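Computed from a predicted structure; not experimentally measured. Protein chains get the first letters and strands the later ones, always in sequence-line order, with residue 1 at the start of each.
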Protein chains: 2
Amino acid sequence: MSRPPETTAGLPTEPTQARRFGKTRTAQSTAIAEDYAELIADLLASVGEARPTDIARRLGVSHATAIKTVARLKREGLATSRPYRGVFLTEAGEALAARVKSRHRLVVDLLRAVGVPAEAAEQDAEGIEHHVSDVTLAAFEKYLRK
Amino acid sequence: MSRPPETTAGLPTEPTQARRFGKTRTAQSTAIAEDYAELIADLLASVGEARPTDIARRLGVSHATAIKTVARLKREGLATSRPYRGVFLTEAGEALAARVKSRHRLVVDLLRAVGVPAEAAEQDAEGIEHHVSDVTLAAFEKYLRK
DNA sequence: CGGAAAGTGTAGCTACGACTACAATTCAGG
DNA sequence: CCTGAATTGTAGTCGTAGCTACACTTTCCG
Ligand SMILES: [Mn+2]
Ligand SMILES: [Mn+2]
Ligand SMILES: [Mn+2]
Ligand SMILES: [Mn+2]
């Protein structure tokens with residue numbers, strides 16, 4: 001019943017390290033979808049509609065890029081849209097947006113709690129949020145409650 | 001002397017949000033270079049050489065992928081290598097590796113300090129480390145010292 | 001109500017990072 | 001020393017995410 005060690009000579013074991021890097025790569029591929037979902041939900045809630053141009057302006061990309069990525073979200077069952085109408089989220093898309101939003105808040109709160117200035121916390125959270133596992137998230141919550 | 005507001009109706013202001021997303025995108029494009037630099041430095045220190053196959057195994061990618069990315073590091077002045085010899089780091093590459101390594105450690109330490117279990121901390125740090133600004137890093141250090 | 005402006009969509013390009021398949025080189029055992 | 005295994009390198013393909021340029025709708029005003 002002995003498992004292989006997780007580290008040798010300072011370095012983690014090969015399979016362990018490969019798994020970690022692999023998960024990080026996966027997270028990066030979902031990061032964009034998550035940001036789009038969150039932003040679309042925010043726009044729908046605050047403006048009432050999510051137009052490709054608005055999405056593009058918010059993200060700081062060209063409208064062509066935004067439209068292409070929305071097409072990917074549609075392919076993945078997260079969004080819907082019809083030509084010259086705004087973008088909407090499917091149930092799956094809304095669920096994702098909700099999860100992402102709460103994660104975003106939690107990460108910002110944790111950063112603030114350990115003394116990170118507001119603007120840096122907001123900035124860094126935008127990237128960090130996509131790499132925080134559920135286990136870590138739970139630890140953040142527990143820490144913040146105390 | 002009045003600056004434009006950073007938020008309106010819950011959402012950050014357009015230019016603010018666009019800047020944040022843009023920085024996150026940049027961070028993601030440098031993340032891979034950072035991990036390669038850190039790993040090559042570790043291999044050089046612990047094994048004495050950094051072979052493409054070893055790099056590939058550690059990262060969990062094919063050797064072809066590793067070789068191509070090393071080529072990019074060379075193009076960017078971070079690494080050197082000659083056919084069928086191992087990979088080495090330039091001064092710039094070593095400097096990057098050192099910075100990345102200390103950041104990695106700090107992020108893990110911070111996560112552990114707020115109660116994240118060891119393996120989750122290691123896993124998540126691998127992604128988070130690329131999105132932690134100097135300001136946040138300084139805050140982490142200060143928090144850990146107390 | 002008819003344009004012009006704004007918004008939307010498409011085409012075609014680049015760069016990156018991943019892969020497989022195959023070619024070339026190095027290196028160890030016999 | 002020579003030959004086969006391991007390593008290294010290269011070619012070609014895919015998907016994602018950017019961009020600009022251009023075409024097509026919609027919408028808003030005069
Ligand atoms: Mn984000
Ligand atoms: Mn976010
Ligand atoms: Mn990393
Ligand atoms: Mn790292």
Side-chain angles (χ1 to χ4, degrees), chain A residues 14 18-40 43 47-88 126-127 130, chain B residues 14 18-40 43 47-88 126-127 130:
Chain A
E14 255 170 40
R19 183 170 29 76
R20 284 183 196 156
F21 282 123
K23 277 193 191 166
T24 299
R25 279 193 299 273
T26 303
Q28 281 180 178
S29 103
T30 60
I32 295 207
E34 291 183 347
D35 283 339
Y36 271 75
E38 186 184 1
L39 175 58
I40 291 167
L43 285 171
V47 184
E49 55 180 6
R51 298 291 189 149
T53 300
D54 294 335
I55 298 172
R57 258 202 303 265
R58 289 270 168 194
L59 292 169
V61 300
S62 75
H63 78 276
T65 296
I67 287 172
K68 250 193 215 164
T69 303
V70 167
R72 189 190 130 200
L73 297 194
K74 288 165 73 173
R75 225 184 317 136
E76 293 174 354
L78 295 170
T80 60
S81 80
R82 294 208 334 283
Y84 298 98
R85 302 295 144 197
V87 180
F88 297 93
E126 203 51 72
H130 309 287
Chain B
E14 255 171 39
R19 182 170 29 76
R20 284 183 195 157
F21 282 122
K23 278 193 190 167
T24 298
R25 277 193 300 272
T26 303
Q28 281 182 177
S29 103
T30 61
I32 294 207
E34 291 183 346
D35 284 339
Y36 270 76
E38 186 184 1
L39 175 59
I40 290 167
L43 286 171
V47 184
E49 56 181 5
R51 297 293 191 146
T53 301
D54 295 334
I55 298 172
R57 258 202 304 265
R58 289 270 168 194
L59 292 169
V61 299
S62 75
H63 78 276
T65 297
I67 287 172
K68 249 194 215 162
T69 303
V70 167
R72 190 190 127 200
L73 297 194
K74 288 165 72 172
R75 225 184 316 138
E76 292 173 355
L78 296 171
T80 61
S81 80
R82 295 208 332 283
Y84 298 98
R85 303 294 142 194
V87 181
F88 297 93
E126 203 50 72
H130 309 288

Taking five pairs at each end of the helix from C/dC1-D/dG30 to C/dG30-D/dC1, what angle separates the two helix axes (nearest 10°)? 0°
Rounded to the nearest angstrom, tell me the gap between atom CG in B/Asp54 and atom P in D/dA6. 15 Å
Contacts of B/Gln28 that satisfy side-chain hydrogen bond (donor to acceptor under 3.5 Å, both in side chains) - sequence neighbours left out: none
B/Val87 and B/Ala79: which non-hydrogen atoms are nearest, and at how many Å? CG1-CB, 4.2 Å
Measure the distance from NE2 on A/His130 to P on D/dA17 and round it to the nearest whole Å. 12 Å
Before giving the answer on side-chain contact (heavy atoms from CB on, under 4.5 Å), spell out for A/Ile55 and A/Arg58 the whole-Å C-alpha distance, their side-chain angles and the decisive distance to 0.1 Å. CA-CA 5 Å; A/Ile55 298 172; A/Arg58 289 270 168 194; 5.9 Å; no
Tell me: CD1 of A/Ile67 to C1' of C/dT8, nearest whole Å? 5 Å
If you look at every strand shown and take non-hydrogen atoms under 4.0 Å, does A/Arg75 touch a base, only sugar-phosphate, or nothing? sugar-phosphate
What is the distance, to the nearest angstrom, from the NZ atom on A/Lys74 to the P atom on D/dT16? 15 Å
Output the rounded distance in Å from CG (A/Asp35) to P (D/dT16). 17 Å
Could you work out, with side-chain hydrogen bond (donor to acceptor under 3.5 Å, both in side chains) as the rule, every residue matching A/Ser62, not counting sequence neighbours? A/Thr65
The test is side-chain contact (heavy atoms from CB on, under 4.5 Å); show your working for B/Glu49 and B/Asp54 and say whether it passes. CA-CA 9 Å; B/Glu49 56 181 5; B/Asp54 295 334; 5.6 Å; no
All pairs passing salt bridge (Lys or Arg N to Asp or Glu O under 4.0 Å) where residues 63-74 of chain A contributes a residue, at least two apart: A/Arg72-A/Glu76
Taking only residues at least two apart or on different chains, which pairs with a member in residues 21-33 of chain B satisfy salt bridge (Lys or Arg N to Asp or Glu O under 4.0 Å)? none
Take B/Leu59 and B/Tyr36 through the side-chain contact (heavy atoms from CB on, under 4.5 Å) test and state the conclusion after the steps. CA-CA 9 Å; B/Leu59 292 169; B/Tyr36 270 76; 3.2 Å; yes
For a quick check, with a 4.0 angstrom heavy-atom cut-off, what is the B/S/- contact string for nucleotides 17-26 of chain C, read 5' to 3'? SBBB---BSS
